[in-house]
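Take a look at the structure below.
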Protein chains: 2
Amino acid sequence: MRSEVVNRPFAQAQEQLRTAGLRPTRQRLGLARLLFEREHRHVTAEALHGEALDADMRVSLATVYNTLHQFVRVGLLREVVVSPGRSYFDTNTGDHHHFFFEGSGTLADIPTDSVELRRLPAAPGGTRIGRVDVVIRLEDDSQ
Amino acid sequence: MRSEVVNRPFAQAQEQLRTAGLRPTRQRLGLARLLFEREHRHVTAEALHGEALDADMRVSLATVYNTLHQFVRVGLLREVVVSPGRSYFDTNTGDHHHFFFEGSGTLADIPTDSVELRRLPAAPGGTRIGRVDVVIRLEDDSQ
DNA sequence: ATTAATGCAAAATCTTTGCACTTTC
DNA sequence: GAAAGTGCAAAGATTTTGCATTAAT
């Protein structure tokens, strides 16, 4: 592989960050690649930090937190709150809902069209609906 | 008021705890009265502890946490997770959903029949649905 | 050069735990 | 008196912050 060849995934991540108005720094690029170069995923800050270290990136946990929140702010990620004292970040920012496996503490997307939300209440005065979160909590089937 | 007259609310709380299999201790009784003698409410451990102190009860924050979780375990309360790093406890254990006001960090019940959930996905193999939580996140209408 | 981002360690939150003491049954 | 519950302070866990250093434009 010739070194002057453009590194595709890298260039893509760079573009993605620029578009979002974030400087494509080494850490943000690295984290973006971990997050977005595969299938949609759900990560905790701690888990992503672990992956980064495994991939020999040098990044602090504080920067991982900061970066995840920046990504949420610019719409690259969505934060999912399902468990007290732990934040999950979802690379799927589209309209969809979640299974939460209480046993393992993991999340899975629910295809949009397998939940149908009929009739929503009106937003109370002075507010507007920002998002509707549906979480289906699953317990181990101790049949 | 004659001292031998039965204190109704107190007796009710006592009964409620006994039925749930919890010893009616001074702290549990006091917290139960704060929680259940009024309309349904959403409290944090910290807020409930504050109320207890205001009412001149002597109870530690640790005991408030323990008690809230015990109440959840026996079905007297329901825990609602909407915000990272803060647990809310809901005295309404019936089937219903929530508004979450992002601005103030407060919760409100949504009447059951103003949300209709049609079509739910089947629980993945080895699991069963424990609960379905719907949270409608409200933002301040900066119109 | 200028401006923004990072790393680190420290702090801030929120929650749980260990154990001696107290209360309930 | 036996068993369960409480208080306190300490520890845990997760997340945020302050500030000097480093990197990107």
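What you see is a predicted model; the values in this text were computed from it and never measured. Chain naming here is simple, since letters A, B, ... match the order of the sequence lines and numbering starts at 1 in each.
Between G21(A) and P84(A), it is G21(A) whose nearest contact on DNA chain C lies nearer the 5' terminus.
Listed pair T25(B) / dA4(D) fails the phosphate criterion, with no side-chain N or O lying under 4.0 Å from OP1 or OP2. Applying the 4.0 Å criterion to OP1 and OP2 of dA5(C), one finds that T63(A) has every side-chain N and O outside that range. Distances shown here put a side-chain N or O of Y65(B) below 4.0 Å from the OP1 or OP2 atom of dT15(C). The shortest distance between the side-chain N/O atoms of H69(A) and the OP1/OP2 oxygens of dT16(D) is below 4.0 Å. For R18(A) and dT25(D), the shortest distance from a side-chain N or O to OP1 or OP2 is below 4.0 Å. Note on Q27(B): every side-chain N or O is 4.0 Å or more away from OP1 and OP2 of dT23(C).
For R23(B), whose side chain is taken as the heavy atoms from C-beta onward, the closest listed nucleotide among dA4(D), dA9(C), dC8(D) is dA4(D). Nearest to the side-chain atoms of P24(B) among the listed nucleotides dG7(D), dT24(C), dT16(D) stands dT24(C).
Within the 6.0 Å centre-distance limit, the rings of F89(B) and H69(B) are counted as a close aromatic pair.
Using the six-membered ring where Trp is involved, F36(B) and F71(B) have ring planes that are tilted, between 30° and 60° apart. The aromatic rings of H42(B) and H98(B) stand perpendicular to each other, their planes meeting at an angle above 60°, with 30° marking the opposite boundary.
Between the side chain of S114(A) and the backbone N or O of P121(B) there is no donor-acceptor pair closer than 3.5 Å.
Separating the CZ atom of F89(B) from the C1' atom of dT15(C) is a distance of 10 Å, rounded to the nearest angstrom. Atom pair R28(A):CZ and dA23(D):P shows a separation of 15 Å (rounding to whole Å applied). A straight line from CG of L61(A) to P of dA11(C) spans 18 Å, rounded to a whole angstrom. Nucleotide dA5(C) holds its P atom 11 Å from the CZ atom of F71(A), rounded to whole Å. For R73(B) and dA4(D), the CZ to P distance is 13 Å, given to the nearest whole Å. L68(B) places its CG atom 10 Å from the P atom of dT15(C), with the value rounded to the nearest Å. Regarding Q70(B), its CD atom lies at a distance of 10 Å from the C1' atom of dT6(D), rounded to whole Å. For the pair H49(B) NE2 and dT13(C) P, the interatomic distance rounds to 17 Å; values are reported in whole Å.
Across all strands, T44(A) comes closer than 4.0 Å to no nucleic acid atom at all (heavy-atom distances).
Going from atom CG of L34(A) over to atom CZ of R41(A) covers 7.0 Å, rounded to the nearest 0.5 Å.
Side chain R26(B) to base dT6(D): no donor-acceptor pair is found below 3.5 Å.
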